Amino acid sequence: MVKLHESWLGPLKPEFDAPYMAALRDFLVAEREAGKNIFPKGSEWFHALDATPLDQVRVVILGQDPYHGDGQAHGLCFSVRAGVTPPPSLINIYKEMQTDLGLAPPRHGNLEHWAQQGVLLLNAVLTVEAHRAASHQGKGWERFTDAVIRLVNEKTEPVVFILWGSYAQKKAGFVDRTRHLVIASPHPSPLSAHNGFFGSRPFSRANAFLMAQGQRPIDWKLPEQP
């Protein structure tokens with residue numbers, strides 16, 4: 001069931017061997033045995049770490065929980081499978097991308113193209129019960145994803161952390177801002193996007209920083225067919 005790129009396996013072995021992860025596994029097994037539907041499917045729980053190897057991480061975007069609607073979650077924060085209507089927060093991300101970079105919004109919500117370029121699309125919690133938002137919070141995932149963020153923070157190469165909303169900003173509060181760029185703004189949710197997310201220009205700012213560090217910019221333009 002565990003599928004993630006080998007670059008993460010060694011550094012995260014202490015987490016996988018820790019008692020809290022055993023307790024988390026027991027919880028997830030019990031939930032399934034009770035007939036509960038868990039999103040995303042097991043092979044995609046660590047999809048963010050499988051799609052973006054540790055040594056290739058150049059940008060981190062933090063989410064909170066997977067989408068809990070049918071067919072939406074596939075292991076990348078803010079992203080949905082092709083054929084699924086983009087949720088409101090993602091629509092606002094596309095609006096800001098168009099304002100910032102002049103890129104027309106794609107007709108799908110699959111952000112795999114970003115992940116393949118070194119954009120770690122990491123949720124704080126990696127599973128959720130179907131139709132029950134935040135149902136797997138406080139079960140151990142937060143500790144695991146803290147360890148993931150610490151590993152990225154320890155990288156020698158500068159990384160851009162894009163933190164939308166107070167939850168993400170608090171979670172990554174320990175990031176070394178003397179080496180990495182932190183772009184913080186309100187969440188793209190319709191409830192808060194007009195309070196400073198729109199106009200924050202995270203995409204061009206991230207690329208300007210990467211190029212100033214001698215790194216390749218991210219091609220934020222998503223292909224029409226993911």
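Just so it is clear, the model here is predicted, and its values are computed rather than measured.
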Please check if [X] and [Y] belong to a single hydrophobic cluster, counting links between Ile, Leu, Val, Met, Phe, Trp and Tyr side chain heavy atoms closer than 4.5 Å.
| X | Y | result |
| --- | --- | --- |
| Ile149 | Trp45 | yes |
| Tyr94 | Leu76 | yes |
| Leu210 | Val175 | no |
| Leu120 | Leu54 | yes |
| Val148 | Tyr167 | no |

May I ask you to decide if [Y]'s main-chain N or O and [X]'s side chain share a donor-acceptor pair within less than 3.5 Å?
| X | Y | result |
| --- | --- | --- |
| Trp164 | Ser185 | no |
| Gln56 | Gly118 | no |
| Thr52 | Leu49 | no |
| His108 | Thr85 | no |
| Ser192 | Pro188 | no |
| Gln72 | Gly69 | yes |
| Arg216 | Gln117 | no |
| Asn153 | Asp176 | yes |

Let's go through Asp219 and His113 carefully: what are the C-alpha distance in whole Å and the side-chain angles of both, what is the deciding distance for side-chain contact (heavy atoms from CB on, under 4.5 Å) to 0.1 Å, and is it a yes or a no?
CA-CA 8 Å; Asp219 174 17; His113 179 64; 3.4 Å; yes
Give a yes or no on this: more than 12 heavy atoms of other residues, nucleotides or ligands lie within 6.0 Å of atom CD of Glu6.
no
Arg25 atom CZ: more than 12 heavy-atom contacts under 6.0 Å:
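Enclosed.
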Considering all heavy atoms of both residues, which atom of [X] and which atom of [Y] are nearest to each other, and what is their separation?
| X | Y | value |
| --- | --- | --- |
| Pro66 | Ala73 | CB-CB, 3.9 Å |
| His5 | Asp50 | N-OD1, 3.2 Å |
| Val125 | Thr127 | CG1-O, 3.3 Å |
| Ala51 | Glu112 | CB-OE2, 3.7 Å |
| Ala147 | Leu12 | CB-CD2, 4.2 Å |

Is there a side-chain contact between Val128 and Tyr67, using heavy atoms and a 4.5 Å cut-off?
no
If we only count heavy atoms from C-beta on, is the Pro158 to Gln215 side-chain gap below 4.5 Å?
yes
Which of Ile93, Val119, Leu90 passes side chain to side chain contact (heavy atoms under 4.5 Å, CB included) with Leu111? Answer is Leu90
When you check the gap from the basic side-chain N to the acidic O, do Glu44 and Arg81 get nearer than 4.0 Å?
yes
Test log, rule salt bridge (charged side-chain N to carboxylate O under 4.0 Å, His left out), inputs Arg143 and Asp146
CA-CA 5 Å; Arg143 181 170 167 182; Asp146 280 351; over 6 Å; no
Out of curiosity, [X] [atom1] to [Y] [atom2], how far, rounded to the nearest 0.5 Å?
| X | Y | atom1 | atom2 | answer |
| --- | --- | --- | --- | --- |
| Thr156 | Arg179 | OG1 | CZ | 7.5 Å |
| Ser200 | Asp100 | OG | CG | 7.5 Å |
| Glu142 | Asn123 | CD | CG | 11.0 Å |
| Asn92 | Phe197 | CG | CZ | 6.5 Å |
| Lys155 | Asp55 | NZ | CG | 6.0 Å |
| Glu96 | Leu103 | CD | CG | 11.5 Å |

Between Phe78 and His187, does the ring centroid distance fall short of 6.0 Å?
yes
Would a line drawn from the ring center of His74 to the ring center of Phe39 be shorter than 6.0 Å?
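No, the ring of His74 stays outside the 6.0 Å limit from the ring of Phe39, centre to centre.
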Between Thr145 and Lys171, do the side chains contain a donor N or O and an acceptor N or O under 3.5 Å apart?
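Distance-only check passes for Lys171 and Thr145.
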Distance-only side-chain donor-acceptor flag, Glu129 / Asn37, under 3.5 Å:
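Looking only at side-chain atoms, Asn37 and Glu129 do not form any donor-acceptor pair under 3.5 Å.
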Decide side-chain contact (heavy atoms from CB on, under 4.5 Å) for Gln137 and Gln64; before the verdict, give the C-alpha distance in whole Å, the side-chain angles of both, and the deciding distance to 0.1 Å.
CA-CA 9 Å; Gln137 288 186 5; Gln64 191 164 349; 3.3 Å; yes
If you apply the rule ring-ring contact (aromatic ring centres under 6.0 Å, His included), what do you find for Phe144 with Phe46, and how did you get there?
CA-CA 11 Å; Phe144 177 81; Phe46 300 98; 5.6 Å; yes
For a side-chain contact (heavy atoms from CB on, under 4.5 Å) check, start with the C-alpha distance between Phe203 and Ile218, then their side-chain angles and the critical distance, and finish with the verdict.
CA-CA 8 Å; Phe203 308 103; Ile218 302 296; over 6 Å; no
One pair to check against side-chain contact (heavy atoms from CB on, under 4.5 Å): Gln213 and Leu181. What are the steps and the verdict?
CA-CA 11 Å; Gln213 303 298 322; Leu181 174 65; over 6 Å; no
